[in-house]
Amino acid sequence: MKRTLVSLAVLGICAGPAHGTDAATAAKVRALLQQMTLEEKVGQLNQVVASGLTGPENAQAKNVDKRADIKAGKIGSLLTVKSVAETRELQDLAMQSRLKIPLIFALDVIHGHKNVFPVPLGEAASWDMEAIERSARIAATEAAASGVHWTFAPMVDVARDPRWGRVMEGAGEDAFLGSAIAKARVKGFQGKGIGQLDSVMATAKHFAAYGAAVAGRDYQAVDISPQQLHEVYLPPFRAAVEAGVATFMNSFNTLNGIPATGSAMLQKDILRQKWGFDGIVVSDWQSVAEMVRHGYAADLKDAGARAINAGNTIDMEGYAYSNHLAELVKEGKVGQATLDDAVGHVLAKKFELGLFDDPYRYSDAAREKAVHANPEHRAATRDVARKSMVLLKNEGAVLPLKKDTRRIALIGPLAEARRDLEGAWIVHSDPKSVPSLADGLRKGLAAGSRLTVTAGCDIACKDSKGFAAAVKAAREADVVVMALGESFDHTGEARSYTSITLLGKQDQLFHQVRAAAKAAGKPVVLVVLAGRPLAFADVAEKADAILYAWLPGSEGGNAMADVLFGDYNPSGKLPITIPRSLGQVPIYYSYLNTGRPVPEVEALYGSAYMDSPNTPLYAFGHGLSYTTFKYDNLRLSTSSLAGNGKLTVSFDLQNSGKRAGEEVVQLYLRDPVASIARPVKELKGFRKLRLEPGQRQSVSFEIDRELLSFHNADLKWGAEPGRFDLMIGSASDDIRLKGQFELTD
Ligand code: NOJ
């Protein structure tokens, strides 16, 4: 359906906000604003959930008739809209409103839509920007085909506390890796640009520092230094802006006492002024209203005023704007220009999406069906999943498994899991179609070989009744593979835990099975399925090999079998530290040195635990391959970097093993003396390279002043002259080459 707003002919002559990618869009926005009533403007800033369209969704929504409100122009966008059928029905209502302003439909498309990719933390472990971008591209293509215009992803929150269930949704603990991934995901979702029929608007969320919740409890306060904020938590958001992200979502948390939703420092000073962001900022679910409970707003009305005045554009399911914004404008507590500016942002996106030309352009049932059935999408989930898996340990080269192994015993509550492999936030997938690990292994085995499958217990593993059968199966096998970990529902929003070990008695199951296998002289391979780093040191120590498979998505079972049988040589590296125990949390590789580091200082009065090493179980960047890599021949183009010059650091990487494989080479830097203490090392470059056996390749990184810059004590950005240490390695704790250079003025 084609529609034009005739009166938009008043092009470019009215005053008002100038949003939109070009002058013509900005002019259309201004012209439309002129025709809108105060109530219609407020409506554009009101977002509600699509479910329960006519009934009360929550306390504030009582007595809201959403259908009537859409027709009255009182709702501008809806969230959790999932299909073409739904979008058509809702858009029909909007087309009955006075100005026929189309609705935007939003959905949390987090790691796939019809076809499910690994959970985002798992994908991050691939360190493969192409794969990550492809995953987001496919998710966008499928979601857009369902009539969805806007995904609330990527979550770019740096997260260093595995108690927090949402570590699963991000890219891990590091600002540099997180920034690269933020860019890849935004590019993937938005493709050639919003308005394309296979693109959705991306959202950089949750702005800001949501991942630093005190004690890892979701929605908790955040209290961090300005340096931490600027050096660790903000860079991925800035990267998203640089990649052209269309929207931001603020967050539930307070940041140093101010709710992020009401923070002008974040939303105006940093996001809009410093970074030049010109898109929508949506609140999180009722986060405007929650400012009352934070003790920052007197009531819902006050919360609404504070939110919009601080730069929050849309109120998601919070009813602060729909109930009070018109009144606030009439009373002068919110300026007309502030309102118009916010509404202008929403209208600009509606124009850019092409919705004024055809409000139904994304809603084509035949296209939805065809796109969702594309077999290439399904194949891509398998490829990305195997790239995401991290081989933590492989003693005695137990892996890869031989396909003609006489008998493999697959043991554990996740051996036949399907739904759990998909992780949280799934939309259109069909868990029944997901191959389990048992399916994958069975398919890979040679004729005449056998797989036995024994759960031992269910995922919660509260009782040990099934252990005897598992022990028996282990005794009779040539190799034992155990599938342990978490359920899909154990990570994600609100899934914070004070214990991050294997669930229930899974560790006891492991120890009993392992004792039986060892007595029979048979190895035990552990496959961990989890959305967070688990603390499983006692089990890890006893396993012969460990594959950390995350929650791998639609083709999870096949992808795990590909890696276990060696059809794919594992190449993942940890994007987040795995602690020995919860007592070490938060633990991350880029810490500040203490005045008493161990082992330099004797242990008792050094900065150490009395009952545990400081080191993690597995460090950031760690991940093995079925081949080995040799690093040598470090070269620096100069030992002294001046002004705006560049330094090239090169070295040779050789595949010194017998299989083709991929290595993620990592560049770390340290500024050992500065006006403010700097981390012991920081990732500043990485590259994923594939080499044939024996192949040697020269690898280079460029270093310039920008890469050496940081925020000093006054939050000024810049590099300080002096010596820098350079480290190149295979993991943050496996540095193979070291060098130094000077930065001069
Ligand atoms: C709350 C979550 O924090 C946010 O990430 C999500 O996008 C919204 N709910 C909408 O579902």
Side-chain angles (χ1 to χ4, degrees), residues 46-52 57-58 60-61 75-82 86 104-113 119-121 136 139-140 143 146 148-159 164-171 182 185-186 189 200-213 216-222 233 236-237 240 245-255 259-261 266 279-291 293-294 307 312-319 423-428 489 491-496 531:
N46 181 29
Q47 180 174 100
V48 300
V49 68
S51 56
E57 204 37 55
N58 57 44
Q60 280 103 4
I75 291 173
S77 52
L78 287 111
L79 79 146
T80 318
V81 186
K82 298 182 175 133
E86 233 180 316
I104 298 185
F105 303 119
L107 183 64
D108 290 274
V109 181
I110 306 296
H111 54 115
H113 184 68
V119 292
L121 183 62
S146 285
V148 173
H149 310 125
W150 183 4
T151 177
F152 294 139
M155 184 186 104
V156 304
D157 297 306
V158 169
W164 192 52
R166 302 196 84 168
V167 290
M168 177 277 282
E169 288 175 56
R185 289 191 166 136
V186 169
F189 283 129
V200 291
M201 299 197 291
T203 307
K205 73 183 189 185
H206 308 82
F207 196 57
Y210 180 43
R217 201 176 78 216
D218 210 359
Y219 318 118
Q220 257 272 48
V222 170
Y233 292 93
F237 286 101
V245 74
T247 81
F248 260 59
M249 183 186 290
N250 55 38
S251 54
F252 289 123
N253 56 285
T254 53
L255 172 62
T261 305
L266 286 172
I280 292 171
V281 179
V282 63
S283 77
D284 205 342
W285 179 278
Q286 294 180 4
S287 69
V288 174
E290 286 179 15
M291 291 202 287
R293 293 210 191 104
H294 281 304
N312 178 83
T313 318
I314 290 179
D315 179 11
M316 180 199 289
E317 194 61 22
Y319 296 92
W425 291 117
I426 65 161
V427 184
H428 271 286
D489 202 28
T491 49
E493 187 179 346
R495 278 27 172 213
S496 294

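In listed order, ligands and their atoms are each counted from 1.
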query: Would Arg166 count as a contact of ligand 1 if the rule is a heavy atom under 4.0 Å away?
result: yes
query: Under 4.0 Å from ligand 1, counting heavy atoms only, is it the side chain of Glu493, its backbone, both or neither?
result: side chain
message: Pair Phe152, Met316 - check side-chain contact (heavy atoms from CB on, under 4.5 Å), show working.
response: CA-CA 12 Å; Phe152 294 139; Met316 180 199 289; 3.7 Å; yes
message: Evaluate Trp285 for polar contact with ligand 1, using N/O atom pairs at a separation under 3.5 Å.
response: no
message: If the cut-off is 4.0 Å to any non-hydrogen atom of Leu79, which atoms of ligand 1 fall inside it?
response: 10 (C), 11 (O)
task: Select one of side chain, backbone, both or neither to describe which atoms of Thr203 lie under 4.0 Å from any atom of ligand 1, heavy atoms only.
output: neither
Spatial distance of atom CE (Met249) from atom CD1 (Ile280) [nearest 0.5 Å]: 11.5 Å
- prompt: At a 4.0 Å threshold, what atoms of ligand 1 neighbour a non-hydrogen atom of Phe152?
  reply: 7 (O)
- request: Let me know which of Trp425, Trp285, Tyr219 forms a side-chain hydrogen bond (donor to acceptor under 3.5 Å, both in side chains) with Glu493.
  value: Tyr219
- line: In Leu266, Asp157, Val245, the residue satisfying side chain to side chain contact (heavy atoms under 4.5 Å, CB included) with Phe237 is Asp157
task: Measure the acute angle between the ring planes of Phe207 and Phe248, then classify it against the limits of 30° and 60° as parallel, tilted or perpendicular.
output: perpendicular
- request: Give yes if a backbone or side-chain nitrogen or oxygen of Asp284 is under 3.5 Å from a nitrogen or oxygen of ligand 1, and no if not.
  value: yes
task: Mark the output for Met249 as yes if a heavy-atom distance to ligand 1 is under 4.0 Å, and as no if none is.
output: yes
message: For the residue pair Asp218 / Tyr210, report whether a side-chain donor-acceptor contact shorter than 3.5 Å exists.
response: yes
- line: Numbered in order shown, the ligand 1 atoms found under 4.0 Å of a heavy atom of Lys205 are 4 (C), 5 (O), 6 (C), 7 (O)
query: Side chains of Trp150 and Thr247: donor-acceptor distance under 3.5 Å anywhere?
result: yes
message: I want to know if ligand 1 touches Asp108 in the polar sense, i.e. an N/O pair below 3.5 angstrom.
response: yes
